[in-house]
There are 2 protein chains.
Amino acid sequence: MSRLIKEALETVRDLQEVGVVSKQTLRDFEALAVPPPTYSAAAIRHLRENFHVSQAVFAAYLNASVSTVQKWENGEKKPSGAALRLLSVIERKGLEVLV
Amino acid sequence: MSRLIKEALETVRDLQEVGVVSKQTLRDFEALAVPPPTYSAAAIRHLRENFHVSQAVFAAYLNASVSTVQKWENGEKKPSGAALRLLSVIERKGLEVLV
DNA sequence: ATGATTATTGCACTTAGTGCTACAATACGT
DNA sequence: ACGTATTGTAGCACTAAGTGCAATAATCAT
């Protein structure tokens with residue numbers, strides 16, 4: 001998370017404590033403060049290789065087609081927003097969380 | 001997971017123990033045995049409402065656009081495979097895992 | 001070597017994802 | 001109750017993601 005956003009988030013947290021801002025607003029802000037993950041083609045390939053799985057198996061975990069994974073890794077297509085988020089979850093929590 | 005697949009998975013596990021099948025193959029099979037998640041438009045809306053967040057906030061968590069979430073909930077568009085997997089993760093682990 | 005698994009390339013096609021606008025509904029404070 | 005702010009709906013147009021298939025190439029173990 002960028003430093004600026006982090007500080008802003010702190011501010012909103014303080015404002016919420018004092019009652020200037022609702023819990024809803026705080027939660028909204030937290031969600032918006034979550035940085036959009038980005039993965040280069042190479043990064044995706046590395047991520048998969050760290051788990052020692054083939055493209056086919058990786059695709060199965062992701063619930064995507066082999067063709068899609070290949071195009072991600074070869075830079076022909078970029079993962080959608082949700083797919084990027086999923087990749088970040090995998091990176092931090094492992095493939096197991098998908099099961 | 002369907003009963004048949006579950007049994008087949010057991011068999012492959014046994015085969016692997018005896019050495020007829022490699023660990024790779026077992027892992028491949030496990031991945032393939034993971035059932036593809038499905039969410040109806042209503043199910044997605046319910047999922048979001050369970051977390052008491054607006055479409056905008058939900059979209060931020062998913063790293064998707066508001067427009068996309070709306071179309072999912074109104075049945076105009078269906079989530080991609082990876083998006084479905086992400087929804088299943090959220091359902092089982094909560095929104096927190098995305099941060 | 002050779003056979004099996006895994007990855008690449010290219011083509012064609014479908015549909016998800018997004019942005020924007022104007023409008024409706026609902027909730028909220030005063 | 002009233003006006004206001006938040007939240008969700010509806011329609012449009014467009015871009016690019018996702019998919020399948022088939023043929024070729026690279027990798028790797030035996």
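Only heavy atoms go into these numbers, but all of them, side chains included; no hydrogens, no water, no symmetry mates. Quantities reported herein were computed from a predicted structural model and do not represent experimental measurements. Labels below follow one simple rule: chain letters A, B, ... track the order of the sequence lines, proteins then strands, and each chain is numbered from 1.
Distance check, rounded to the nearest 0.5 Å: CG of B/Leu84 to NZ of B/Lys78 gives 10.0 Å. Residue B/Glu49 holds its CD atom at 7.0 Å from CD of B/Glu73, rounded to the nearest 0.5 Å.
Per the geometry, CG belonging to B/Leu84 stands 12 Å off P belonging to D/dG18, to the nearest Å. The distance from atom CD of B/Glu49 to atom C1' of C/dT26 is 13 Å, rounded to the nearest whole Å. In this structure, A/Lys77 places its NZ atom 14 Å from P of C/dC13, rounding to the nearest Å. Rounded to a whole Å, the CD atom of A/Glu73 is 15 Å from the C1' atom of C/dT9. Distance, A/His52 NE2 to D/dC28 C1': 15 Å, rounded to whole Å. Between B/Asn63 atom CG and C/dT18 atom C1' there is a gap of 13 Å when expressed in whole angstrom units. Distance, A/Leu86 CG to C/dG17 P: 13 Å, rounded to whole Å.
Note on A/Ser80: only backbone sugar-phosphate atoms sit closer than 4.0 angstrom, heavy atoms only; bases stay farther off. Looking at heavy-atom distances under 4.0 Å, B/Ala64 makes contact with sugar-phosphate atoms alone, never a base. Residue contacts shown for A/Lys71 include a base, since a base heavy atom lies under 4.0 Å away.
Position along DNA chain D of the nearest nucleotide to A/Thr68 versus B/Asn74 favours B/Asn74 as the more 5'-ward residue. Two residues, A/Val66 and B/Val69, neighbour DNA chain C, and the one matched to the more 5' nucleotide by heavy-atom proximity is A/Val66. Each of A/Ser67 and B/Arg48 was assigned the nucleotide of DNA chain D with the nearest heavy atom; the assignment lying further toward the 5' end belongs to B/Arg48. Annotation: of the two residues near DNA chain C, B/Glu76 and B/Gln70, the 5′-most nearest-nucleotide partner is B/Glu76.
Look at B/Trp72 and you won't find any side-chain N or O under 4.0 angstrom from OP1 or OP2 of C/dA16. Residue B/Gln55 places at least one side-chain N or O closer than 4.0 Å to OP1 or OP2 of D/dT9.
For A/Ser65, counting side-chain heavy atoms from C-beta on, the closest listed nucleotide (C/dA7, D/dG20, C/dA16) is D/dG20.
Neither A/Phe58 nor A/Val66 shares a network with the other; the hydrophobic side chains, linked directly or stepwise wherever heavy atoms of I, L, V, M, F, W or Y lie under 4.5 Å apart, form separate groups for each.
Side-chain contact between B/Ile90 and B/Leu62: present, with at least one pair of heavy atoms (C-beta onward) separated by less than 4.5 Å. Proximity of A/Val57 to A/Leu95: side-chain heavy atoms (C-beta onward) are nowhere separated by under 4.5 Å.
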